[in-house]
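Working notes, beginning with the structure itself.
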Amino acid sequence: MQKKWLGLGMSLIMATVIAGCSGNDGNGNATATNANSEGSKATPTAEANKPPVTLKYWTDDRHDQEYINELINKFNETNEDNIKVELTVMSENYAQSVDIAFSSNQAPDVLRLKSNQAPGFFKKDYLAPIDEYLTDDIKSKFGNLIFDGVNRFDGKVYSLANNGNTLRLVYNKDLFAKAGIENPPTSLQEMVDSAKKITEVGKSEGIYGFALNFKSPKSAFDRSIREILSLSGHQGLGFDLKTGQFDFAPYSQVIEYFKQMYEDGSILPGAEALDIDPLRAQFAAGKIGMYLSFSTEPGVYKDQFPTEINWAGALAPTIDGQIKGTSEIVSAGTWLGISAQSANKEAAWTFMQYMYGDENLKGYHEKGFGIAVVPSIVEQAANPDINGMEGFLVGEHDSIWPVSPTVTPEGANYADAFFKYVLAGGDLQAITTDLNARYNDALSKAVEKGEVSVTPNPAFDPTKPQG
């Protein structure tokens with residue numbers, strides 16, 4: 001595959017995959033694993049010259065546990081600093097467990113960091129900066145992937161990138177052909193029309209053109225409308241980066257089309273109570289024409305819901321069929337971080353530097369645990385052999401966007417308010433105006449309290465979102 005990297009604000013063509021989601025162990029319990037294999041030893045040099053150091057590494061990822069254990073076992077057996085790493089996998093309530101650990105001075109030495117967790121962990125003083133460890137080679141390798149509000153706060157770096165998720169339209173190619181549709185939709189009107197055609201030819205067999213996991217409206221919209229908006233040139237969660245204010249007017253444009261599909265009867269019945277896994281099960285059974293989701297889906301249909309249907313992924317449609325922005329790569333920019341409470345920060349960095357080694361990052365990508373976003377790894381890594389993955393490859397229309405502020409408004413959030421409109425109708429303009437007022441009021445209060453900072457960027461270019 002031809003690969004090229006045009007950076008943040010530049011485009012990437014790279015191999016991709018995506019990992020399955022974190023989950024619990026089936027009993028709702030956390031799983032603790034000592035990564036030491038039986039009989040493993042430090043080298044004689046290490047035993048003789050270095051005092052032993054034990055590091056605790058906490059993560060909420062389960063999908064990659066076997067591979068991470070392999071890496072940790074190798075590190076424990078081969079490092080010359082007599083460092084032993086113990087891995088603990090938290091099945092749920094990870095953030096809460098981290099809070100409790102820090103409040104009781106029992107924090108781990110190394111933490112798995114998600115992009116949405118990093119700002120909160122930074123504000124709570126859980127993280128130690130790593131700037132002193134960043135050599136010129138490391139800066140060259142990761143430099144284009146260091147962002148304010150993601151892995152850099154107040155001018156200091158706290159984590160480095162590894163992988164991310166793309167967003168795509170997932171569609172059943174056979175159902176499209178059955179309805180006489182040659183290509184996936186490129187505009188929202190085409191999406192509405194395609195959903196209607198698929199439903200018309202398939203309804204007697206329980207087949208519908210579109211599906212949404214409306215049991216959680218925010219999950220449903222954040223995995224669908226987000227990409228439509230970013231490709232259309234708007235920030236996908238309702239924030240206007242040019243003005244530094246929330247503006248849900250573009251969002252409301254997209255909602256009109258979703259409401260039309262609902263009124264047409266093109267959306268799988270029972271969507272109001274549908275969660276994402278039951279939706280996937282229906283898609284795997286050939287009952288859904290299309291939906292929008294993350295690049296986790298190929299892995300899901302390989303392992304969780306094996307299917308024989310002929311399906312693929314494609315760029316989401318835009319509002320008017322014109323691409324005016326880039327599809328946002330989400331959950332990118334962070335992976336590991338060092339605890340501010342660790343008494344062994346040097347050893348923690350030694351382990352962290354090992355984990356970020358080329359072969360380890362390349363293996364993470366090639367085994368299907370996440371999309372590589374580090375340019376040098378993109379160039380080296382082969383595509384994982386997973387059906388459907390080609391549609392989720394990061395290409396010229398994908399990039400990482402600046403982080404938007406997270407606030408909690410009084411009253412219903414945007415997803416619940418728009419979901420109610422899709423089901424019951426109402427005055428969309430009034431709903432949008434109300435959301436803008438409540439979200440910007442919450443933003444103003446958060447800024448006053450120092451909880452968030454906002455800098456308007458009138459020159460923001462959605463085709464080059466990182467400048």
Side-chain angles (χ1 to χ4, degrees), residues 22-25 28-36 50-65 67-69 71-73 75-76 79 81-134 138 146 149-163 331 333-356 360 403 406 450-452:
S22 302
N24 59 37
D25 61 3
N29 298 318
T31 301
T33 304
N34 185 337
N36 257 341
K50 297 284 186 178
V53 174
T54 299
L55 299 177
K56 295 180 179 179
Y57 170 36
W58 284 14
T59 178
D60 60 348
D61 283 338
R62 291 186 61 82
H63 68 279
D64 60 1
Q65 182 177 351
Y67 180 63
I68 296 300
N69 261 325
L71 297 184
I72 291 176
N73 284 337
F75 175 80
N76 288 346
N79 83 85
D81 296 293
N82 208 357
I83 301 169
K84 302 299 180 187
V85 177
E86 296 177 352
L87 174 68
T88 298
V89 180
M90 318 294 288
S91 63
E92 55 186 22
N93 300 323
Y94 176 67
Q96 181 180 4
S97 297
V98 170
D99 285 339
I100 293 171
F102 274 89
S103 66
S104 59
N105 293 315
Q106 296 180 5
D109 300 277
V110 181
L111 301 99
R112 168 68 165 104
L113 284 179
K114 304 289 178 66
S115 295
N116 62 339
Q117 295 166 340
F121 284 5
F122 165 72
K123 291 172 186 174
K124 294 175 182 178
D125 294 324
Y126 291 173
L127 305 176
I130 59 174
D131 300 77
E132 64 181 293
Y133 307 117
L134 302 183
I138 293 174
I146 294 177
V150 176
N151 46 29
R152 180 172 58 200
F153 302 93
D154 291 348
K156 295 182 179 180
V157 178
Y158 292 85
S159 186
L160 299 170
N162 175 11
N163 60 86
S331 299
T334 58
W335 190 33
L336 306 181
I338 297 175
S339 164
Q341 287 188 5
S342 175
N344 299 295
K345 293 183 177 65
E346 292 279 350
W349 171 252
T350 298
F351 169 65
M352 187 169 162
Q353 186 176 22
Y354 160 81
M355 291 293 283
Y356 277 102
N360 294 341
V403 175
T406 300
E451 296 174 345
V452 302

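All values reported here derive from a predicted model rather than from experimental measurement. Index from 1, following the sequence.
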Quick check: does any side chain N or O of [X] sit under 3.5 Å from a backbone N or O of [Y], one acting as donor and the other as acceptor?
| X | Y | answer |
| --- | --- | --- |
| K84 | N76 | yes |
| Y356 | L160 | yes |
| K123 | E451 | yes |
| E86 | T54 | no |
| T334 | S115 | yes |

For this session: Would you please indicate if the ring centroids of W58 and Y94 are separated by under 6.0 Å?
Result: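 No, the ring centres sit 6.0 Å or more apart.
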For this session: Verify the neighbour count for atom NZ of K345: are there more than 12 heavy atoms of other residues, nucleotides or ligands below 6.0 Å?
Result: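 It does: K345 NZ has more than 12 such atoms within range.
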Exercise. For atom NZ of K156, is the number of surrounding heavy atoms from other residues, nucleotides or ligands below 6.0 Å larger than 12?
Worked result: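 For K156, atom NZ is not crowded (no more than 12 foreign heavy atoms under 6.0 Å).
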Looking at [X] and [Y], what are the two nearest heavy atoms and their distance?
| X | Y | value |
| --- | --- | --- |
| A128 | S339 | CB-O, 4.0 Å |
| A347 | V53 | CB-CG1, 3.9 Å |
| A101 | Q341 | O-OE1, 4.4 Å |

Problem set entry | Lys/Arg-Asp/Glu bridge criterion (N-O < 4.0 Å) met for R152, D131 |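 No.
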Taking atom [atom1] of [X] and atom [atom2] of [Y], what is their separation to the nearest 0.5 Å?
| X | Y | atom1 | atom2 | answer |
| --- | --- | --- | --- | --- |
| F75 | L55 | CZ | CG | 7.0 Å |
| L111 | Q117 | CG | CD | 9.0 Å |
| T88 | D60 | OG1 | CG | 12.5 Å |
| I68 | R112 | CD1 | CZ | 9.0 Å |
| K56 | Q106 | NZ | CD | 7.0 Å |

Under 4.5 Å between any side-chain heavy atoms of [X] and [Y], yes or no?
| X | Y | result |
| --- | --- | --- |
| K124 | D99 | yes |
| L336 | Y57 | yes |
| T350 | N79 | no |
| Q353 | I138 | yes |
| F121 | Y158 | no |
| V110 | V85 | no |

Exercise. If you measure only the distance, is there a donor-acceptor pair under 3.5 Å linking the side chains of S159 and N151?
Worked result: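 Per modelled atom types, S159 and N151 side chains form no pair under 3.5 Å.
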Exercise. How are the rings of F153 and F122 set relative to one another: parallel (under 30°), tilted (30 to 60°) or perpendicular (over 60°)?
Worked result: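 Parallel.
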For this session: Look at the aromatic rings of Y133 and W349 and report parallel, tilted or perpendicular, splitting at 30° and 60°.
Result: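 Rings of Y133 and W349: parallel, under 30°.
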For this session: State which residue, out of L71, D81, I72, fulfils the side chain to side chain contact (heavy atoms under 4.5 Å, CB included) condition with F351.
Result: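 Considering L71, D81, I72, a side chain to side chain contact (heavy atoms under 4.5 Å, CB included) with F351 is found only for I72.
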Exercise. Passes salt bridge (charged side-chain N to carboxylate O under 4.0 Å, His left out), K114 versus D61? Steps please.
Worked result: CA-CA 10 Å; K114 304 289 178 66; D61 283 338; 3.3 Å; yes
